[in-house]
*Asks:* 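I have a structure here, written as structure tokens, and I will follow up with some questions on it.
Naming convention: chains lettered A, B, ... in sequence-line order (proteins, then strands); numbering from 1 in each chain.
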Amino acid sequence: MLKLTDLTKHFHTKHGIVRAVDGVSLTVPNGKILGLVGESGCGKSTLSRCVMQLLPVSSGSIKLNDEELTILSAKEVRRHRLDFQMVFQDPYASLNPRMTIFATLAEAVRQRHGKISKTEATQRVATLLETVGIAAKYMQKYPHEFSGGQRQRIAIARAIAPEPKLIIADEPVSALDVSIQSQILNLLRQLQRDLDLGMIFISHDLGVVHYLADNIAVMYHGKLVETGSADDVFYRPTNDYTKQLLNAVPKIARHSDV
Amino acid sequence: MPLLSVNNLKTYFDTRAGIVRAVDGVSLNVEKEQSVGIVGESGSGKSVTCYSLLGLIPMPPGRIAGGTAMYEGTDLLSCGEKTLRTIRGKRISMIFQDPMSSLNPYMKISKQLTEPLEIHDNIHGKKARHLAIEMLEKVGIKDAEKRIDSYPHEFSGGMRQRVMIAMALITKPDLLIADEPTTALDVTVQKQVLDLIKDMQRDLGTAVIFITHDLGVVSETCDEVNVMYAGRFVESTTTKDLFSNPLHAYTRALEASIPAMHSKGEDLHTIPGLPPDLTKPLHGCSFKPRNLLGDASLCLTDQQPELVETTPGHWVQDCPGCRAVRKSE
């Protein structure tokens, strides 16, 4: 379980203090998906970078399974980082084009399991690929030989390879076509069920977030303005900003049920 | 008479791997003040269709292999670059997905906005600048008089897209082609930009062709929609009909893939496989291998299905397999 308490991250700039994350408290239980929404610049990415220990926090606490992460030394942070993995928006940019899929995934597996034999690595990589729905026989191929949807599957396999406790998915389906998007969303749901992962799913597409997430947190100017179950936030928003955000989602006019 | 009438447009690319039939027989009418949508996956030929109309296809490797596009008595496909230059940016304008890469980073906004006026309307100097400021105000940029001397990087993404729109509409075109105008933007900004296009359309009477992959955007903005797959339209109808009575298996599959149309916890429909390789000539129905919502065994294999009008204004490819409705499991 991930627990953030009163997390703040301030940047000191020429023009004064930017309060990118300003007193955020939230919890992500294992096996649950938290949808984080908000417009660009609201602090979503800074928040996820703080959780990933890529940025030191200004104050507040981040606890993963009751272990405080903000006080760890740099060395310990590196060890702990395996527990969090990220999936990024652009699968074209997030895989190393010069490494085969096997090399990419085996590297990630070895992060957790140290030196393992090639046979064992092959076996683990095969299992990983199977989990995300790609045939193991393709493991010697390079990223450019796969389609966008397949690449995002590989990026997801890469993220779950070190057996993390938490995955932060930053707009993982925004760059994909609707048909591929639905494959990836189905995959994420399946992983959440099977691996009991906690997940922070960042997206600006409220339809997608409502469909996937158990809980939704709405962020505005570095603060959480509304949190609640996905249905509550989506159907019964109380905050004005949330209402405004929901109002902006293009609606598909249904004239009859199909 | 429609404003723009495209008939059987074919755009091919000669590549080392063979001829890519990117657009293969597309027909489309746009009436004055109408919004027409083209939806489809990446690579379906949406953008190439519109680029072809404006002569923006690099030739070679591209070439217009057939068809006509009549705009006020001129065939845009065969009129030549000189004539096209008097139309492009003046009578027909275009806005692109990424406002950062379509504005010149070295040029002040003022210069980029007045350029179309200088070229097409012979308006220069103070008068042009005045019109540019007016236009910026119209697209909702505050403090336009000051902001006009800024460079593109000084604007946020949504603001840049507004500048693009101002630039496209400053010559009061008859037709605006919007290629994924909001894909790179936030929902709130997306709404502002879509509303802005709608407002400008009402004020100036401009017709709009929307290229998008977002069915939600289509539903909110377009009067008519064309669903494109593998270089051809598979279904064309009014927006209302497309969502209430989708006929083609591909249209139904697209609609079934949208999370917003599902309740939580329900599995989303996925379209298996990939779009066909367009370097190989297609014999028969292009959607056959991915057809799950119809009956793939009935799909045409000997000839490509033609569009037929099932009810007035509702056109669909006449492939028995894609029109069949699979009984839900």
*Asks:* Which atoms form the tightest heavy-atom contact between A:D177 and B:G40, and what is the distance?
*Replies:* OD1-O, 4.4 Å
*Asks:* Is it true that atom CZ of A:R98 has more than 12 heavy atoms of other residues, nucleotides or ligands lying nearer than 6.0 Å?
*Replies:* no
*Asks:* Do A:N186 side-chain atoms and B:D267 backbone N/O form a donor-acceptor pair below 3.5 Å?
*Replies:* no
*Asks:* Where on A:A230 is there a heavy atom nearer than 4.5 Å to chain B: the side chain, the backbone, both, or neither?
*Replies:* side chain
*Asks:* Answer yes or no: are there more than 12 heavy-atom neighbours, outside B:R147 itself, under 6.0 Å from its atom CZ?
*Replies:* yes
*Asks:* Looking only at heavy atoms, which two atoms of B:P259 and A:G207 are closest? And how far apart?
*Replies:* CB-O, 3.9 Å
*Asks:* Using only atom types and a distance under 3.5 Å, with no angle test, would you say the side chain of A:Q183 pairs donor to acceptor with the backbone of B:I271?
*Replies:* yes
*Asks:* Test your reading of the model: is there a side-chain donor-acceptor pair from B:T270 to the backbone of A:S182, 3.5 Å cut-off?
*Replies:* no
*Asks:* Please identify, among B:S42, B:S156, B:A253, the residue contributing the most non-hydrogen atom pairs under 4.5 Å to chain A.
*Replies:* B:S42
*Asks:* What part of B:E41 lies closer than 4.5 angstrom to a heavy atom of chain A: side chain, backbone, both or neither?
*Replies:* both
*Asks:* Check this for me: A:F146, atom CZ, are more than 12 non-hydrogen atoms of other residues, nucleotides or ligands nearer than 6.0 Å?
*Replies:* yes
